[in-house]
Structures are given as structure tokens and as C-alpha cells.
Number of protein chains: 4
Amino acid sequence: MNIHSILNIFYGDSMIAEADIDVKSDKYNQILDAAIKVFAQNGFHNSTVSQIAKEAGVADGTIYLYFKNKDDILKEFFKYKTKLIFEGFRGEVEKAGNAVDKLRNLIHRHLGEFQNDINMAITFQSESRQCRRNGIQIDDITKMYLDIVGEIVEQGQMEGTIRKNMYASLVKRFILGAVDEVIHTWVHAGGRYDLLTMADPLVDLYLRGIGSARFVAEKNDTE
Amino acid sequence: MNIHSILNIFYGDSMIAEADIDVKSDKYNQILDAAIKVFAQNGFHNSTVSQIAKEAGVADGTIYLYFKNKDDILKEFFKYKTKLIFEGFRGEVEKAGNAVDKLRNLIHRHLGEFQNDINMAITFQSESRQCRRNGIQIDDITKMYLDIVGEIVEQGQMEGTIRKNMYASLVKRFILGAVDEVIHTWVHAGGRYDLLTMADPLVDLYLRGIGSARFVAEKNDTE
Amino acid sequence: MNIHSILNIFYGDSMIAEADIDVKSDKYNQILDAAIKVFAQNGFHNSTVSQIAKEAGVADGTIYLYFKNKDDILKEFFKYKTKLIFEGFRGEVEKAGNAVDKLRNLIHRHLGEFQNDINMAITFQSESRQCRRNGIQIDDITKMYLDIVGEIVEQGQMEGTIRKNMYASLVKRFILGAVDEVIHTWVHAGGRYDLLTMADPLVDLYLRGIGSARFVAEKNDTE
Amino acid sequence: MNIHSILNIFYGDSMIAEADIDVKSDKYNQILDAAIKVFAQNGFHNSTVSQIAKEAGVADGTIYLYFKNKDDILKEFFKYKTKLIFEGFRGEVEKAGNAVDKLRNLIHRHLGEFQNDINMAITFQSESRQCRRNGIQIDDITKMYLDIVGEIVEQGQMEGTIRKNMYASLVKRFILGAVDEVIHTWVHAGGRYDLLTMADPLVDLYLRGIGSARFVAEKNDTE
DNA sequence: CATGAATGAGCGTTCATTCAT
DNA sequence: GATGAATGAACGCTCATTCAT
């Protein structure tokens with residue numbers, strides 16, 4: 001009698017069923033992790049299913065019990081794995097009260113998560129721009145991220161900490177692009193330094209820009 | 001009868017050969033342009049040499065008279081074509097006197113060049129992150145770009161228009177990342193709006209950030 | 001509760017076991033019927049063991065408790081199922097006294113049995129010509145059939161209703177081929193008409209041929 | 001200067017073009033012949049593309065320059081090769097005047113062609129019943145054959161040599177089925193006897209049936 | 001007996017590259 | 001230089017078969 005059976009006695013099947021909705025099997029994650037590692041090393045197109053199978057410690061055919069085809073592995077990476085991470089961002093944001101703290105939390109978490117799993121970071125960086133094949137999944141993730149940022153900016157504008165009269169969409173891209181580039185550079189350097197130290201200076205750049213006080217003051221006069 | 005034929009009559013092939021040292025032959029460019037177009041449509045890995053040959057109006061084998069192999073076409077794209085464009089950036093920068101104008105010119109030109117050749121833009125966006133295979137070429141380009149930005153920032157700091165005490169490398173990535181993301185979004189939208197209108201607002205964001213005057217002022221006090 | 005269960009109560013398994021020597025178990029037939037159905041739909045080579053298992057309502061592995069391998073299912077079909085049917089032909093033939101009635105009975109039963117089980121008919125038609133793999137089984141069946149026909153013809157010749165001086169083997173093929181083609185056409189039409197109505201006209205063709213009375217008479221003069 | 005160039009001078013391109021419409025390239029026939037041979041030995045499904053390539057003396061990839069895929073080879077066999085043969089039947093039929101001679105010519109030619117190319121015969125016999133995949137091609141051939149037979153029967157009925165009041169479609173199947181079975185038996189025996197000797201006795205069976213004169217006469221009285 | 005997850009050999013197909021013309 | 005037919009290595013994927021439970 002295992003833990004599941006015991007739980008069944010107390011809670012019945014329905015509870016277990018609910019819990020299982022999003023929990024993938026061990027092999028699924030085993031293969032997915034192996035794939036991300038292999039993709040990180042060789043790029044998606046230069047990776048073979050056999051390499052993934054070997055890395056995962058399963059037979060080639062086993063891959064196809066858990067994924068429709070090679071493309072599907074990448075799709076699932078974006079649909080399931082990175083989506084999971086990006087959804088965690090929202091939770092982190094909600095921990096903070098004001099917009100500036102929310103932005104700071106978001107960037108901290110963003111850099112932290114990517115630093116935690118460099119294979120994920122590499123694969124995300126390398127393959128997310130190949131949007132032709134991956135379909136709508138990446139857009140979803142990007143949109144979710146941009147939405148979080150958008151809400152933060154709006155809140156900040158109401159709080160008076162973020163200035164108004166900016167192209168909303170441009171601001172969001174501006175923030176995403178900068179953090180993305182910072183991660184890209186870190187990945188490119190082999191992850192050999194602490195990515196998290198970039199968080200505060202980056203947020204500082206978002207808020208104050210690179211212009212000097214004098215320069216900014218002048219500009220602000222005309223606003 | 002074109003100018004080359006005429007010149008041949010007077011000078012013979014040898015002279016032309018000398019002149020060709022850095023100027024690539026017609027067919028070289030013909031094939032490279034075709035390749036970029038095909039890459040833009042299908043991505044590098046989903047493009048075949050035959051497709052490129054057909055698009056260029058040459059036989060498959062002809063490709064191999066001008067390029068070592070398929071990978072080499074992409075390498076040459078980064079080494080020759082985009083490098084050419086990025087070198088143009090430097091000229092544009094030099095036209096301006098102060099750092100702020102230089103930055104503005106750079107961003108204008110950057111967006112302008114990519115808007116001018118959407119196939120180049122798509123291919124650059126899609127394939128430049130696949131650095132594993134392309135070797136050192138892209139790094140060169142990125143480095144050159146970052147160097148230009150670095151020089152501008154330094155000059156601005158001396159001129160007093162750009163604030164000091166920032167991580168130099170972070171600032172450069174910050175600028176590159178934001179413009180890159182803006183281009184990416186434009187490409188993703190199918191190039192259906194005027195990319196150049198993004199230039200001034202973008203430069204504004206670089207210089208002033210998104211923080212309100214009040215917020216920036218407070219921060220500046222502590223600087 | 002079926003008859004087997006009742007018998008079990010009185011006699012126990014041992015008696016059943018004896019009786020089962022030639023009677024195949026329920027699951028054996030269950031799987032075989034499912035296989036024939038799947039083969040009829042997809043053809044042998046385009047059918048998978050999994051499809052058969054699903055159709056039979058058993059696990060994939062269970063198939064291998066009753067059959068050596070996939071090929072063996074087809075072999076057993078020819079060895080057991082169709083053989084059973086073809087042996088029934090002999091009984092039908094023996095019900096009649098003279099050769100002509102025997103032939104008529106045979107053709108009636110032949111068409112009737114195939115009409116009764118269109119999956120069997122389709123599979124028999126489609127796969128029986130692939131003799132390379134199925135080995136000797138089909139030959140056995142064909143031989144048995146030809147033997148029956150041969151005996152009828154001999155009897156008819158003795159009775160004076162079937163003419164002599166014909167190639168015995170050719171006559172047998174002639175009869176088999178025609179009925180086979182009639183079934184094939186019916187199968188090809190999706191079994192949408194009553195196959196049995198073809199029996200009498202077919203027997204008529206066997207006996208009288210297609211030549212007119214005048215033509216036949218002339219020929220008979222020279223015999 | 002080859003024969004084609006010379007002909008061009010006299011006849012121009014149009015004539016060559018016309019002649020080329022149905023003439024397939026050497027390699028096409030080389031591969032098709034090899035495929036039929038391999039199919040004849042192993043059956044379509046148990047043959048590999050590599051086997052065909054080796055038999056044809058070309059590389060695996062070369063197959064795909066002339067055929068869309070493995071299935072297409074079989075399709076082309078039915079569309080091009082056997083169609084060619086079956087169209088030859090019509091020519092043979094037209095050489096004769098009366099229906100009986102036409103039928104005799106048809107059967108002679110039919111047996112002759114199959115005897116000439118046993119690989120074709122085997123493949124045709126084995127694969128033509130697998131109509132699911134091959135699509136409409138085989139039906140076309142069968143229909144063409146049945147049409148020829150149908151015309152002959154009609155003509156014979158008008159000439160008074162073939163009796164009336166028979167199911168037209170049944171008669172046609174009856175003839176096709178019998179000759180097909182005769183070929184099948186010959187193929188099955190490894191083609192070790194002269195198939196052509198079966199032609200006359202077979203036609204005799206078509207016309208007079210197997211009933212004795214007495215039997216036939218009795219029947220004819222009631223007609 | 002029954003299961004079905006796991007296996008891995010084997011095949012169809014693609015396509016970068018070569019080379020005889 | 002230019003061609004494009006031919007090549008064959010390599011890969012994604014299937015599915016008959018096994019075996020631990």
C-alpha cells in the first residue's frame with residue numbers, strides 16, 4: 001500500500017486526479033531535461049533524437065511514447081517548462097507592493113531562474129527566435145511577460161514613479177530587450193559570472209536612463 | 001555590354017582581377033542575396049541548397065564555386081554583408097558632433113538599414129543567436145557595435161550629457177538589447193509599420209529612462 | 001453464465017481441456033477475429049499488432065500468448081479459419097448425389113460463406129496471393145478445393161454430364177478462377193449486392209460455356 | 001553530333017517532343033525493372049528501397065530522382081508498364097475479324113505477355129489485389145480489359161457465335177477469372193511449363209463449358 | 001494469465017556535396 | 001566557369017517483440 005492508496009482512503013480519487021493534471025511523468029521530465037541539455041550543446045537542428053535518448057538513458061523509441069516527434073520536444077519545452085518559470089515571475093511580482101519594487105523583483109527572479117538552469121537559458125536564447133516552427137507558444141510566453149511589465153508600468157504611472165507619455169509597447173520591449181541581452185551575454189560567456197549582480201544596475205538603467213541629471217532635468221523642463 | 005566588358009577590352013582580365021580583391025563578383029552577391037531571402041523565408045536549417053540555387057537562377061553546383069559549403073553562406077553573410085552595414089554605422093556616427101546626436105544617428109541608421117532589407121533583418125534576428133556554428137563572425141560584429149556605443153557613452157560622460165558610475169558593459173548591452181528587441185518585434189509583425197518612428201522615443205528612453213522626474217531627482221540627490 | 005461455466009461446475013477444467021484439443025480458446029478466436037477485421041480494413045502489412053490488440057480488447061502482449069508473431073496470425077487464419085470453412089464445402093458437396101448438383105452446392109456454399117463474413121472474404125482475397133510468406137498453408141487449402149472440384153468433374157465424366165478429353169488441371173483452375181473473380185468483384189463493390197444470385201448463372205457458365213448452341217453443336221461434331 | 005541533333009535539323013524539335021511524351025528515361029526503366037524483379041522475389045512490403053537500388057545498380061537516392069516514393073514505384077508499374085501491355089491487347093484483338101478469333105487472340109497475347117516477363121506476372125498477381133493503396137490505376141486496367149472482353153462478347157452475340165441471355169458483367173469476370181487463375185498457377189509453379197499451350201483449351205472452355213454435348217443439348221432445348 | 005512500458009533494429013527519405021560533361 | 005545527375009551518409013520515426021510487474 002503506497003502513499004497514493006492511503007491518500008485515496010482519506011481524500012478519494014478526485015483530489016489525486018486534480019493534482020495529476022499538470023504533473024508530467026518522471027520519464028517525461030527525464031527526456032525533456034536531457035533534450036534541453038543536448039539542444040543547449042548542439043542547437044536544436046544539430047541534435048539528434050539518438051543523442052537525446054542516450055543522454056536521457058532511454059531507447060530511441062521511448063522518446064516517442066512521450067513526445068509526438070522531435071519538434072514536439074521543443075514545443076513542450078516552451079509550452080510547459082519555460083511557461084512554468086514565467087508564471088513564477090507573476091508570483092514574485094505580486095509579493096511586492098509598489099511598481100518599482102515589482103520591477104526589481106521581476107528582474108531579480110528573471111535573472112535568477114536563468115542562472116539556475118543554464119541549459120534552459122541557452123536553449124531559450126537560441127531557439128526562441130526561430131518562431132516559424134514553434135508556433136504560437138513562444139509568443140504566448142513573451143506576451144505574458146510583456147503583460148506583467150505593462151501592468152507594472154501602469155501602476156508606476158499611477159503612483160507617480162514612472163513617467164507618462166511614453167509608447168506603452170515600446171517601453172515593454174525596451175525592458176525585455178535589455179534584460180534579454182544581458183542574459184545573452186552571460187550565456188555567451190559560459191555563465192562564468194554572477195548574473196544576479198546585474199539586476200539592480202539594470203533596474204537603475206530602466207528608471208533613470210543613461211542621461212545625466214543635468215540632461216534629464218533639461219528634458220523634464222520641456223515635458 | 002556593361003562596364004566590365006568594356007574595361008576588359010582595354011585592360012584585360014588581370015586588372016579586373018586586382019580590382020576584385022575586395023569586391024565580390026556579381027554571382028557571389030546574386031547567390032548571397034538569394035540565400036538570405038530563402039533563409040528569411042524558411043530559416044537556415046529548413047532551407048536547401050537547391051532552393052537557394054533556384055532563387056539565384058544558377059545550378060546547384062555553382063554555389064560551390066563561390067562558397068565552401070552551406071554553412072559558409074551564412075558565415076559570409078555575417079562576415080561580409082552585415083559587417084558592411086555595421087561599418088556604415090560608424091560613418092553615420094562620425095557625422096555628428098556630440099554624443100547624444102551620435103547615439104541618435106546610430107539608432108536611426110540601425111533601424112533604417114534593417115527596415116531597408118527585411119530579409120537581412122529576419123535572417124540576422126533568427127540566426128545570429130545560433131552562435132555555436134557561425135563561429136567568431138557574429139561576435140566580431142557585436143563587438144564592433146558595442147565598441148561604437150562604448151565610445152559614444154564615454155564621450156557623453158566627458159561632455160556631461162551621460163552620467164557616470166555605470167557598468168560600462170551593462171550600458172552597452174542595455175542599448176543594444178532594446179534596439180534589437182524593437183527590431184525583433186517589427187520583424188515579427190511582418191514589417192508592417194514604419195520602424196524609423198521608433199528611433200527618437202527609443203533614444204529618449206535610453207537617456208531619461210522610464211522613471212518620472214520626481215523619482216529621478218530623488219535618486220540623483222543621492223548620487 | 002454460459003455453457004462453459006456450467007460444464008465447469010459439473011466436470012471441472014480437465015474435461016474442458018480435453019475437449020479443447022481442437023477447439024481454440026475464446027481469446028484465441030477473439031484475437032483472430034479482431035485481426036481479420038483489422039487486416040480487412042488496412043491490409044496485413046499496414047495493420048499493427050496494437051490495432052489488433054485494441055480491436056480485440058486485450059493488451060499488446062496478450063497477442064503473443066496465443067500467436068507466435070504477427071505473421072503467425074495470418075498463418076493461423078489460413079490454417080484454421082478458412083480451412084474450417086473449406087472443409088465445410090466438402091460436407092455440402094456430399095449432400096448431393098450427382099456431379100452437377102455437387103458443383104452447384106459447392107458454388108452456393110462458397111459464395112454463401114464469403115458473403116457471411118466479408119472481413120474473411122477481403123482478407124482471403126487480399127492476402128492469399130502473397131504466398132511467399134504464408135508458406136504452404138494456402139496451397140493446402142487451394143489443393144483441397146481443387147481436389148473436391150476434381151472429384152466432382154471425374155464423377156460427372158463417369159455420369160456423362162461432363163465432357164471428357166479436357167485438361168483436368170485446367171478445368172479445376174477454370175472453375176476456381178471464375179468463382180474467385182466473382183467474389184473479388186463483389187468485395188471490391190463493398191459487398192453491396194447479393195452474392196448468392198451469382199451462383200446459378202455461374203454454374204451455368206461452367207457447364208455450357210458462352211458459346212451458342214449452334215457453335216457448340218458444330219464443335220461437338222468434331223469431337 | 002548525335003542522332004537527335006540530326007533529326008532536329010530535318011524535323012525540328014516538335015517531332016522529338018511528341019515522341020518523348022511517353023518515352024521514359026533509361027534510368028527510369030532500369031529502376032522500374034529492378035523494382036519489379038525485387039517485388040517479385042520478396043513482395044512489395046518486404047522489399048526495401050536499398051534492395052531495388054542495388055538491383056538497379058544505382059544509389060538509394062537516385063530512386064527518388066525518378067519516383068516520388070516507394071509506393072510510387074508500384075503505382076508507376078501499374079500506370080505505365082502493365083497499362084502498356086494491356087493496351088497491346090487491344091491491338092491484337094483488332095487484328096482478328098470475328099469474335100471467337102478475337103477472344104482467342106486476346107487470350108494468346110495475354111498468356112504470351114505474362115510468360116515473357118515472369119517478374120511482371122508475379123508482381124501483377126501478388127500486388128494487384130492490394131487495391132487499397134494503389135488507388136485507381138488497377139481498376140483502370142481491369143476495366144479496360146473487361147471492356148475489351150465485353151465488346152468481343154457483344155460482337156459474338158450479334159454474329160450468333162456467343163449465346164445471349166447471360167449476365168454481361170458475370171461473363172466478363174468469368175473469362176478474366178479463369179485466365180488469371182491459369183496464370184497464377186503457372187507463376188506458382190515457377191513458370192516451368194509453356195503457358196501458351198493453355199490458350200486454346202481455355203478458350204474452348206469459355207465457349208463450350210465443361211458440360212457434355214448431351215447435357216448442353218438438353219439445356220439448350222429449354223432455352 | 002494479462003499487461004503495456006520499453007526496446008532497438010530497420011526502413012524510407014532527404015539533401016549537402018561531388019564530378020563528368 | 002557552369003551544370004545537374006548521381007551519390008550515400010545520416011536521421012527521424014515505426015512497430016514487432018519482450019519482460020518485469
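Every value quoted in this text rests on a predicted model; they were computed, and no experiment measured them. Order of the sequence lines fixes the chain letters, A, B, ..., with proteins taken first and strands second; residue numbering starts at 1 for each chain.
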I'd like to know whether the aromatic ring centres of D:Phe77 and D:Phe39 sit less than 6.0 Å apart in this structure.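 Ring centres of D:Phe39 and D:Phe77 not closer than 6.0 Å.
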Round to the nearest Å and state the distance from [X] atom [atom1] to [N] atom [atom2].
X       : N      : atom1 : atom2 : answer
D:Tyr28 : F:dA6  : OH    : C1'   : 19 Å
B:Asp26 : F:dG1  : CG    : P     : 13 Å
D:Ile63 : E:dT14 : CD1   : C1'   : 14 Å
C:Leu65 : E:dG4  : CG    : C1'   : 12 Å
C:Ile31 : E:dC1  : CD1   : C1'   : 12 Å

Atom pairs and distances, side-chain donor-acceptor, residues 56-70 of chain B, under 3.5 Å, sequence neighbours left out:
unit_1  : atom_1 : unit_2  : atom_2 : d
B:Asp60 : OD2    : B:Ser50 : OG     : 2.6
B:Thr62 : OG1    : B:Ala59 : O      : 3.4
B:Asn69 : OD1    : B:Asp71 : N      : 3.3
B:Asn69 : OD1    : B:Asp72 : N      : 2.9
B:Lys70 : NZ     : B:Phe44 : O      : 3.0
B:Lys70 : NZ     : B:Ser47 : O      : 2.8

Between E:dC1 and F:dT21, how far is it from one C1' atom to the other, in whole Å? 13 Å
Heavy-atom protein contacts under 4.0 Å, nucleotides 13-21 of chain F, coded B base, S sugar-phosphate only, - none: BBSSBB---
With pairs taken as Watson-Crick or G-U wobble and both distances under 3.5 angstrom, which stems of at least three consecutive pairs involve DNA chain F?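 Stems (3+ consecutive pairs) listed as E:2-21 with F:2-21.
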Just how far is it from atom CD of C:Gln41 to atom OG1 of C:Thr123, taken to the nearest 0.5 Å? 9.5 Å
Output the distance between atom NE2 (D:His45) and atom CD (D:Glu127), rounded to the nearest 0.5 Å.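 Reported value, rounded in 0.5 Å steps: 7.5 Å.
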Is the side chain of D:Ser126 donor-acceptor paired with the backbone N or O of D:Gly43 at a distance under 3.5 Å, no angle test?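 Here the side-chain-to-backbone pair does not exist.
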B:Lys81 side chain near B:Met120 side chain, heavy-atom distance below 4.5 Å: no
So do D:Lys54 and D:Gln51 actually touch side chain to side chain, heavy atoms under 4.5 Å?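 In short, these two side chains do not touch, never coming nearer than 4.5 Å.
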DNA chain F: B:Lys27 or D:Tyr66, which has the more 5' nearest nucleotide? B:Lys27
In terms of the angle between their ring planes, are D:Tyr80 and D:Tyr28 parallel, tilted or perpendicular, with boundaries placed at 30° and 60°? perpendicular
